[in-house]
S.K.: 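This is the structure I have questions about; it appears just below.
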Amino acid sequence: MKIKSQLSNIISDALKSANIKADDVVISDATKPEFGDYQFNGVMKLAKILKQNPRQIATNLVEHIDTTGMIAKVEVAGPGFINIWLNNEWLGKEVTAILTDDRVGVGYVQKPKKVVVDYSGPNMAKQMHVGHLRSTIIGDTLATLLEFLGDDVIRQNHIGDWGTQFGMLIAYLEEQGADGATTELKDLEQFYKDAKVRFDESPEFADKAREYVVKIQSGDEHCLTLWQSFIDASLGHCEEVYDKLGVNLTRDDVRAESFYNPKLAEVIKTLKEINLSTVSDGAECVFLDGSEVPVIVQKGDGGYLYATTDLAALEYRAKELKADRICYVVDARQGQHFKQVFTIAKQAGMVGENVALEHIGFGTMMDKGGKPFKTRDGGVIKLIDLLDEAVVKAKESIKERDAHSEDELENIATVVGIGAVKYADLSISRESNYIFSWDKMLSFEGNTSLYMQYAYARIQSILRKYDGEIEGDIIIGDETEHRLAHLLLKFEDTLSKAATDATPHTITSYLYDVVTQFMKFYELNPILKGGIDEEVKVSRLQLAKLTGAVINKGLDILGIKVVDKI
RNA sequence: GCACUCAUAGCUCAGCUGGAUAGAGCAUCGCCCUUCUAAGGCGAGGGUCUUAGGUUCGAAUCCUAAUGGGUGUACCA
C-alpha cells in the first residue's frame with residue numbers, strides 16, 4: 001500500500017478544488033502522535049509564493065480535503081501545518097484485505113528495471129574474512145529487495161581470480177603435488193602464507209612463480225589447469241560461507257576478473273580512439289577534469305589495472321546485460337575509484353547516458369580500538385569461524401531458557417546466531433563505520449534480530465494456542481491497534497525507500513517499530529484470555545497474524561530466517 | 001598539500017529531499033509476573049545536535065569556515 005502517494009493525491013485534489021496552485025505535494029510522517037499520522041507542511045512555502053497568510057490558506061485547503069475515505073480528520077495547527085489522521089474503518093478494511101496476500105500488501109514497481117548488483121567479490125587467493133561480510137549481505141539484501149519489488153535483478157560476483165599472486169599460488173600448488181581438492185587447500189590463509197615463505201626463501205621458486213603468471217595470462221594449458229583447480233577449490237570455500245549465511249549467490253553469478261581479460265585491449269583501444277587517454281610517464285592515462293592525478297588504465301609494461309577491468313565490466317553490463325541501473329556494493333574507501341571509472345565509462349560511451357551507475361559504499365569494519373581491520377594481518381577473523389562461533393553462542397543462551405530437543409536447539413541456534421550477525425550489520429546505516437564487536441553482534445537485547453525472533457515466536461505461540469481457523473475482519477479498537485495497523489500498511493513505503501536509497505537499515509528500523517508497537521498492543525489487549533468478545537478476539541488474532549507475516553517477510557528480504565518457537 | 005567522508009545522551013546508534021517540545025537501545029534508578037513466551041511492558045534522570053558565521057518565517061538537517069576523527073591520493077585490487 002502506497003499510503004503517502006495516495007494522501008498526496010488527495011491533497012493535490014484539494015488544492016485544485018480550492019484553486020491553489022502548487023506543484024509537488026510532499027507528505028511527511030507526523031513528528032508526534034498528537035499530530036496525527038501524517039502531516040502536510042507545504043502550506044508555509046505556498047504562502048510565501050502567494051503572499052498570503054499561511055493559516056488562511058491552510059484553513060481554506062482543509063475544507064476541500066476529502067475525508068470520506070482513508071482520512072478521518074484533518075486539522076490546521078501551528079503556523080500552518082496540516083495534520084492528517086487515518087480513518088479506523090479504512091485501516092481495518094485495508095489491513096483485512098491483505099491478510100491472505102502473500103506479499104502482505106506490497107505491490108510491484110511501475111517500471112521494472114534491469115538492475116545489476118555487484119557484491120561480495122572475494123579474492124580467490126584468500127579466505128573470506130569479516131571484512132567481506134558487509135558487501136555480501138548488503139548486496140544480497142539489495143538484490144532480494146529489488147527482485148521482490150519487481151525489478152529484473154542480475155547478481156554479479158566479481159571475484160578476484162587474476163593477478164600476480166596466482167603465479168605463486170599455483171607454482172606452490174604444483175610443488176606440493178596437489179590439486180585443488182586435496183587437504184592442502186582446506187586452509188587458504190595458511191596455504192598463502194606457506195607459498196609466500198617459499199617465494200621469499202627460494203629464488204628458483206620465485207622465478208617459477210613469475211613465469212607462471214605470464215603463462216596463465218598467455219593461456220598455457222598446464223598452468224591454466226592448475227589455476228582452474230585452485231579457483232574451484234577457493235570458490236568452494238566461499239560457497240560454504242554463502243551457504244551458512246543463506247546468501248543467494250551461485251556459480252552462475254560469478255563473472256570473475258579473468259572473464260574480462262580478453263576485453264581489456266579493446267577498452268584501451270576505445271579510449272585511445274576518442275583521445276580520452278594519453279601516455280604519461282610511459283603509462284596510458286586518463287586525466288579527468290579537476291584531478292591532478294590520472295587514472296592509469298595501462299601500465300608502462302603493458303599490464304592492465306583494476307580500473308581497466310572495471311571499465312570492461314561496466315561496458316559488458318551496460319551493453320551485453322543491458323542494465324538500466326548498476327549497483328556496486330563495495331567499501332566506501334573505493335569511492336574515488338568508482339567516481340572516476342563511472343565518468344570515464346560515460347565519456348567513452350561504454351555506458352549509455354541513461355544508465356544509473358551507483359556506488360553503494362559502506363563504512364569500514366573497525367576493531368574495538370577504532371582501527372580498521374587489516375587484511376594482511378594474520379589476526380583477521382575468518383568469516384566461517386565467526387559464523388560458527390555465533391551459532392555456538394546463540395546455543396548457549398537459548399539452552400538456559402527452555403527445554404528443547406537437541407535437533408530443535410541446533411536449528412534455533414543456527415537461525416538465531418546467523419540472524420544476529422546479519423541483523424547487527426544491516427541495522428547500521430551503511431555509510432557509517434562499523435565497529436565490530438562480538439558482544440554487540442551476539443547481544444540479544446534492544447534492536448537486534450532476537451527481539452524480532454522473540455516477537456515472532458510469541459505470535460506463533462498464540463496462533464498455535466487458538467488452534468482453529470481464524471476467520472473474520474480486523475476492526476480497529478484502540479490507539480495501539482490503530483498504530484499497529486498503520487505501521488503494517490507502511491511496509492511498501494518502507495521497502496521502496498530502502499530500494500531507492502539502497503539502505504537496508506531502513507527496513508530494520510521499520511521492523512523494530514512494528515515489533516515495539518506489537519508488544520505495546522499485546523500488553524494492553526489480551527487476545528486469548530477469558531471474557532473477550534469472539535469478534536474482538538478474532539480481530540486481534542488476525543492483527544497478530546498479519547504482524548507475524550510482515551516480520552517474516554521483512555526478515556526474509558534481509559535474508560534472515562525465523563523460527564516458530566524459541 | 002589536495003580531495004572525499006564523518007562529528008547527535010556516559011556508550012552504541014536513528015533522525016538529514018528544512019518544520020512544532022531532537023528519538024531509540026545499552027547502562028543507571030523506580031514499578032509491573034497465581035494472568036496469551038518477563039529475552040517483555042510502564043516510568044524517571046541524562047542533550048548549548050563539535051565550534052563560529054550565513055540563508056530562512058523556521059536549521060541537527062542546506063551553505064561557508066574552523067577544529068577533531070577516518071579514508072583516498074601515478075603504474076596493487
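Naming convention: chains lettered A, B, ... in sequence-line order (proteins, then strands); numbering from 1 in each chain. Every heavy atom of this structure was used, including side-chain atoms; hydrogens, water molecules and symmetry mates were not.
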S.K.: Say you pick atom C1' in B:G47 and the same atom in B:U8; how far apart are they, in whole Å?
M.R.: 8 Å
S.K.: Looking across every strand, which nucleic acid part, if any, lies under 4.0 Å from A:D161 by heavy atom: base, sugar-phosphate, or nothing?
M.R.: nothing
S.K.: Taking the six-membered ring of A:Y192 as reference, does the cationic atom of A:K126 (NZ for Lys, CZ for Arg) lie under 6.0 Å from its centre and within 45° of its axis?
M.R.: yes
S.K.: If you check the A:C285 side chain, which of B:A39, B:A74, B:A38 turns out closest?
M.R.: B:A74
S.K.: Sticking with atom P, work out how far B:A59 lies from B:G45, rounded to a whole angstrom.
M.R.: 26 Å
S.K.: Classify A:A77 by what it touches in the nucleic acid, base, sugar-phosphate, or nothing, heavy-atom distance under 4.0 Å.
M.R.: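 The residue A:A77 makes base contact.
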S.K.: So if I take every side-chain heavy atom of A:I566 and compare against B:A77, B:A39, B:C36, which nucleotide ends up nearest?
M.R.: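 Of the candidates, B:A39 comes closest.
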S.K.: With hydrogens left out and only the distance checked, is there a donor-acceptor pair under 3.5 Å joining A:Y306's side chain and the base of B:A77?
M.R.: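 Result: at least one qualifying N/O pair found.
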S.K.: If pairing requires Watson-Crick or G-U wobble contacts with both distances under 3.5 Å, which nucleotide is the partner of B:U61?
M.R.: none
S.K.: Determine all donor-acceptor pairs shorter than 3.5 Å in which one atom belongs to a side chain in residues 277-286 of chain A; sequence neighbours excluded.
M.R.:
{"unit_1": "A:S277", "atom_1": "OG", "unit_2": "A:E284", "atom_2": "OE2", "d": "2.7"}

S.K.: Just call it for A:S429: base, sugar-phosphate, or nothing, with non-hydrogen atoms closer than 4.0 Å on any strand.
M.R.: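 A:S429: backbone/sugar contact only, no base atoms under 4.0 Å.
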S.K.: I want to know whether A:H158 and A:Y260 have ring centres closer than 6.0 Å.
M.R.: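 So the answer is yes for these two rings.
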S.K.: Using OP1 and OP2 only, check whether a side-chain N or O of A:K45 sits under 4.0 Å from B:C57.
M.R.: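 The answer is no; no side-chain N or O of A:K45 sits under 4.0 Å from OP1 or OP2.
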S.K.: Determine if A:Y454 stacks with B:G40; use a centre-to-centre distance below 5.5 Å and an interplanar angle below 30° as the criteria.
M.R.: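 No; by the centre-distance and plane-angle rule, A:Y454 does not count as stacking on B:G40.
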S.K.: Could you tell me how far apart A:I412 (CD1) and B:U37 (P) are, to the nearest whole angstrom?
M.R.: 15 Å
S.K.: Identify whether any heavy atom of A:L305 sits under 4.0 Å from a base atom; if not, whether one sits that close to sugar-phosphate; answer base, sugar-phosphate or nothing.
M.R.: sugar-phosphate
S.K.: Which nucleotide wins on minimum distance to the side chain of A:V293, given the candidates B:G41, B:C36, B:U73?
M.R.: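 When the side chain of A:V293 is considered, B:U73 is the closest of B:G41, B:C36, B:U73.
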S.K.: Report the base-pairing partner of B:U67 (Watson-Crick or G-U wobble, both distances below 3.5 angstrom), or none.
M.R.: B:A7
S.K.: Contact class for A:Q453 vs. all strands (heavy atom < 4.0 Å): base, sugar-phosphate, or nothing?
M.R.: nothing
S.K.: Checking one value: the base orientation of B:C16, syn if chi is within 90 degrees of 0, otherwise anti.
M.R.: anti
S.K.: What contact category does A:S28 fall into here, base, sugar-phosphate, or nothing, at under 4.0 angstrom with non-hydrogen atoms?
M.R.: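 No contact.
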S.K.: Between P on B:A20 and OH on A:Y38, what's the gap in Å once rounded to a whole number?
M.R.: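 Between P of B:A20 and OH of A:Y38: 18 Å.
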S.K.: Per the side chain to side chain contact (heavy atoms under 4.5 Å, CB included) rule, which among A:L276, A:I344, A:V293 passes with A:L288?
M.R.: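 So, applying the side chain to side chain contact (heavy atoms under 4.5 Å, CB included) to A:L288 and each of A:L276, A:I344, A:V293, only A:I344 qualifies.
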S.K.: Compare side-chain N and O positions of A:T516 against OP1 and OP2 of B:G25 and report whether any pair is under 4.0 Å apart.
M.R.: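 False: A:T516 side-chain N/O out of range (4.0 Å or more) of B:G25 OP1/OP2.
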S.K.: Just say parallel, tilted or perpendicular for the rings of A:Y316 and A:F259, cut-offs at 30° and 60°.
M.R.: perpendicular
S.K.: So, is A:K565 close to the B:U37 phosphate, meaning a side-chain N or O under 4.0 Å from OP1 or OP2?
M.R.: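 Checking A:K565 against B:U37: no side-chain N or O falls below 4.0 Å of OP1 or OP2.
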S.K.: Let me know, please, whether A:Y304 or A:Q39 comes out on the 5' side of the other along RNA chain B by nearest nucleotide.
M.R.: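 Between the two, 5'-proximity favours A:Q39.
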S.K.: Determine the interplanar angle of the A:W162 and A:W227 rings, folded into 0 to 90°, and report it as parallel if under 30°, tilted if 30 to 60°, perpendicular if over 60°.
M.R.: perpendicular
S.K.: What's the closest nucleotide to the side chain of A:K32 if the choices are B:G40, B:U21, B:A74?
M.R.: B:U21
S.K.: Please confirm whether the shortest side-chain N or O distance from A:K465 to OP1 or OP2 of B:U37 is below 4.0 Å.
M.R.: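 Checking B:U37 against A:K465, a side-chain N or O does come within under 4.0 Å of OP1 or OP2.
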S.K.: In this structure, how many angstroms lie between the C1' atom of B:U8 and the CD1 atom of A:I428, rounded?
M.R.: 16 Å
S.K.: Between A:H486 and A:Y38, is there a side-chain donor-acceptor contact under 3.5 Å, judged purely by atom types and distance?
M.R.: yes
S.K.: Quick one, A:L305 and A:Q298 - any side-chain contact, counting heavy atoms below 4.5 Å?
M.R.: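 Counting from C-beta outward, A:L305 and A:Q298 never come under 4.5 Å.
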S.K.: Taking 4.0 Å as the cut-off, does a side-chain nitrogen or oxygen of A:K48 come that near to OP1 or OP2 on B:U56?
M.R.: no
S.K.: Paired with B:C75: which nucleotide, if any, by Watson-Crick or G-U wobble criteria at under 3.5 Å for both distances?
M.R.: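 Paired with no nucleotide.
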S.K.: Searching all strands shown, indicate the nucleotide that pairs with B:A22 (Watson-Crick or G-U wobble; both distances under 3.5 Å).
M.R.: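 Across all strands, not a single nucleotide pairs with B:A22.
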S.K.: Please give the distance between the C1' atoms of B:C32 and B:G46 as a whole number of Å.
M.R.: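 It comes out at 24 Å once rounded to the nearest Å.
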S.K.: Counting heavy atoms from C-beta on, name the nucleotide in B:A74, B:A39, B:C76 closest to the side chain of A:K299.
M.R.: B:C76
S.K.: Closer than 4.0 Å, any side-chain N/O of A:S461 to the OP1 or OP2 of B:U37?
M.R.: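 It does, given that an N or O in the side chain of A:S461 lies less than 4.0 Å from OP1 or OP2 of B:U37.
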S.K.: Figure out the CD/P separation between A:E523 and B:C31, and round it to whole Å.
M.R.: 17 Å
S.K.: Which of residues 493-513 of chain A sit near RNA chain B, with a heavy atom under 4.0 Å from it?
M.R.: A:H505, A:Y512
S.K.: Find the distance A:R458:CZ to B:U35:C1' and express it as a whole number of Å.
M.R.: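 After rounding, the gap between these two atoms is 12 Å.
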S.K.: For A:G300, answer base if it contacts any base atom (sugar-phosphate contacts may also be present), sugar-phosphate if it contacts only those atoms, and nothing otherwise; contact means non-hydrogen atoms under 4.0 Å.
M.R.: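 If one applies the 4.0 Å heavy-atom cut-off, A:G300 turns out to touch a base.
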S.K.: Say we look at B:A22 and B:G15: how far apart would their C1' atoms be, to the nearest angstrom?
M.R.: 8 Å
S.K.: Using the ring pair (Phe, Tyr, Trp, His ring centres under 6.0 Å) rule, take A:F342 and A:H359 through it: C-alpha gap first, then chi angles, then the decisive distance, then the call.
M.R.: CA-CA 9 Å; A:F342 291 168; A:H359 171 214; 7.4 Å; no
S.K.: With a 4.0 Å cut-off on heavy atoms, is A:K339 in touch with a base, just the backbone sugar-phosphate, or nothing at all?
M.R.: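 If one applies the 4.0 Å heavy-atom cut-off, A:K339 turns out to touch nothing in the nucleic acid.
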S.K.: If you compare every side-chain N and O of A:Y451 against the phosphate oxygens of B:G41 (OP1, OP2), does one of them come in below 4.0 Å?
M.R.: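 It does, given that an N or O in the side chain of A:Y451 lies less than 4.0 Å from OP1 or OP2 of B:G41.
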S.K.: Whether the side chain of A:D310 and the base of B:A77 hold a donor-acceptor pair under 3.5 Å is what I'd like checked.
M.R.: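 Answer is no: no donor-acceptor pair is held.
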S.K.: Go ahead and name the base partner of B:G45; Watson-Crick or wobble counts if both distances stay under 3.5 Å, otherwise write none.
M.R.: none
S.K.: Return the 5'-most residue of the pair A:F81, A:G160 with respect to RNA chain B, ranking by each residue's nearest nucleotide.
M.R.: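 It is A:F81, whose closest nucleotide lies nearer the 5' terminus.
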S.K.: To the nearest Å, give me how far apart NE2 (A:H337) and P (B:C4) are.
M.R.: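 In whole Å, B:C4 P and A:H337 NE2 are 19 Å from each other.
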S.K.: Check A:I560, A:T516, A:L558 against A:L511 for a side chain to side chain contact (heavy atoms under 4.5 Å, CB included) and give me the one that passes.
M.R.: A:L558
S.K.: Suppose you measure atom C1' in B:G18 against the same atom in B:U61; what distance do you get, rounded to whole Å?
M.R.: 6 Å
S.K.: Rounded to whole Å, how long is the line connecting atom CZ of A:F338 with atom P of B:U5?
M.R.: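 Distance check: A:F338 CZ to B:U5 P gives 17 Å.
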S.K.: Would you call the rings of A:F338 and A:Y328 parallel, tilted or perpendicular, where under 30° means parallel and over 60° means perpendicular?
M.R.: tilted
S.K.: Work out how far the P atom of B:C16 is from that of B:C62, and round it to whole angstrom.
M.R.: 10 Å
S.K.: Within a strict 4.5 Å, meaning less than it, do heavy atoms of the A:L463 and A:K545 side chains meet?
M.R.: yes
S.K.: Round to a whole Å and report the spacing from CG of A:D301 to C1' of B:C76.
M.R.: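 From A:D301 CG to B:C76 C1': 13 Å.
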S.K.: At 4.0 Å (heavy atoms only), tell me whether A:I462 reaches a base, stays on the sugar-phosphate, or touches nothing.
M.R.: sugar-phosphate
